[in-house]
Amino acid sequence: MRMRIDVVTIFPEFFGVLDVSLLGKARQAELVETHVHDLRDYAAFRADGTADVHRTVDDAPFGGGAGMVMKPDVWGKALDDVLKPTGVLVVPSPAGVPFTQALAQELSAAPQLVFACGRYEGIDARVAEHYANDGYRVVEASLGDYVLNGGEVAAVAMIEAITRLIPGFMGNAQSIVEESHSDGLLEYPSYTRPASWRGLDVPDVLLSGHHAKIAEWRHEQQLSRTRERRPDLLPPE
Ligand code: 6GU
């Protein structure tokens with residue numbers, strides 16, 4: 001079944017990037033369809049029914065503090081309109097759980113993903129709570145330990161990571177099995193012609209034709225790279 005991805009954002013023009021590159025191929029293969037919605041279209045009327053010509057989407061935080069918080073009533077209207085009964089609500093947030101390859105793998109099986117892109121100060125916390133109470137899977141996820149201005153860049157990264165895992169997307173299933181993180185280790189270094197370049201030679205073993213030795217060398221490279229760069233990925237000694 002084709003995956004449907006909906007994005008709700010105050011920057012719909014940002015998602016023109018979904019038409020190019022890898023995701024463009026997934027769409028060409030009809031494995032995924034994307035729909036982008038302008039949150040402000042759901043802000044034409046206030047909660048009391050009066051018109052809001054400014055289409056306000058945020059307000060000051062209860063309890064004080066810096067920045068603005070996105071209004072739950074506006075998000076509620078948008079998500080009631082967009083989220084289907086089998087949809088998963090994904091909320092990019094620096095306060096979310098880590099967005100990992102394993103999470104991307106899980107989400108690649110969902111019939112519908114709805115990305116709710118908020119500013120980094122966040123969406124009123126009751127929005128996630130409400131849809132979770134209603135029985136939806138709600139995933140607040142973070143790309144890593146740094147702060148972006150809003151969820152849009154994060155959503156694009158997540159969408160690319162997820163859609164390339166949809167069965168039938170890449171020609172070669174083995175290239176997904178072999179790639180970084182699917183075995184919990186970083187990838188080994190790769191080389192192509194010429195065998196010597198600016199005084200740097202490709203490791204001899206790769207030119208040897210000994211497939212078992214090559215596999216062993218690559219595995220050692222994966223381990224040493226992971227020890228050096230990402231010791232957190234290795235089991236404790
Ligand atoms: Cl998902 N959102 C924002 N605003 N900042 C982030 C992030 C997400 N992941 C890392 N930084």
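Order of listing sets the numbers, starting from 1, for every ligand and every atom in it.
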Subject >> Among Asn149, Val147, Leu143, Asp145, closest by any non-hydrogen atom to atom 7 (C) of ligand 1 >> reply: Leu143
Original post:
Quick one: does Gly150 get within less than 4.0 Å of ligand 1, heavy atoms only?
Top reply: yes
Original post:
Can you find a non-hydrogen atom of Ala141 under 4.0 Å from ligand 1?
Top reply: yes
In plain terms, say whether [X] and [Y] are close enough for a salt bridge, that is, a side-chain N and a carboxylate O under 4.0 Å apart.
X: Asp48; Y: Arg46; value: no
X: Arg225; Y: Glu220; value: no
X: Lys71; Y: Asp73; value: yes

Can you pull out the closest protein heavy atom to [atom]? Residue, atom name and distance to 0.1 Å, please.
atom: atom 1 (Cl) of ligand 1; result: Ser93 N, 3.0 Å
atom: atom 3 (C) of ligand 1; result: Pro94 CD, 3.3 Å
atom: atom 5 (N) of ligand 1; result: Leu148 N, 3.1 Å

Atoms of ligand 1 close to [X] [distance to a heavy atom under 4.0 angstrom, numbered from 1]:
X: Ser142; value: 1 (Cl), 9 (N), 10 (C)
X: Ala154; value: 1 (Cl), 8 (C)
X: Pro92; value: 1 (Cl)

Original post:
Taking atom types as modelled and ignoring hydrogens, do the side chains of Tyr131 and Asp80 form a donor-acceptor contact shorter than 3.5 angstrom?
Top reply: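 Yes, because at least one side-chain N or O of Tyr131 sits under 3.5 Å from a partner of the opposite role on Asp80.
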Subject >> No-hydrogen, no-angle side-chain donor-acceptor test under 3.5 Å, Gln221 and His219 >> reply: no
Original post:
Does one hydrophobic cluster hold both Val7 and Leu143, with members joined at side-chain heavy-atom distances below 4.5 Å?
Top reply: yes
Subject >> hydrophobic_cluster_shared for Leu103 and Phe115, side chain cutoff 4.5 Å >> reply: yes
Original post:
Under a 4.0 Å heavy-atom limit, does Tyr146 contact ligand 1 with its side chain, its backbone, both, or neither?
Top reply: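 Near ligand 1, Tyr146 shows its backbone as well as its side chain.
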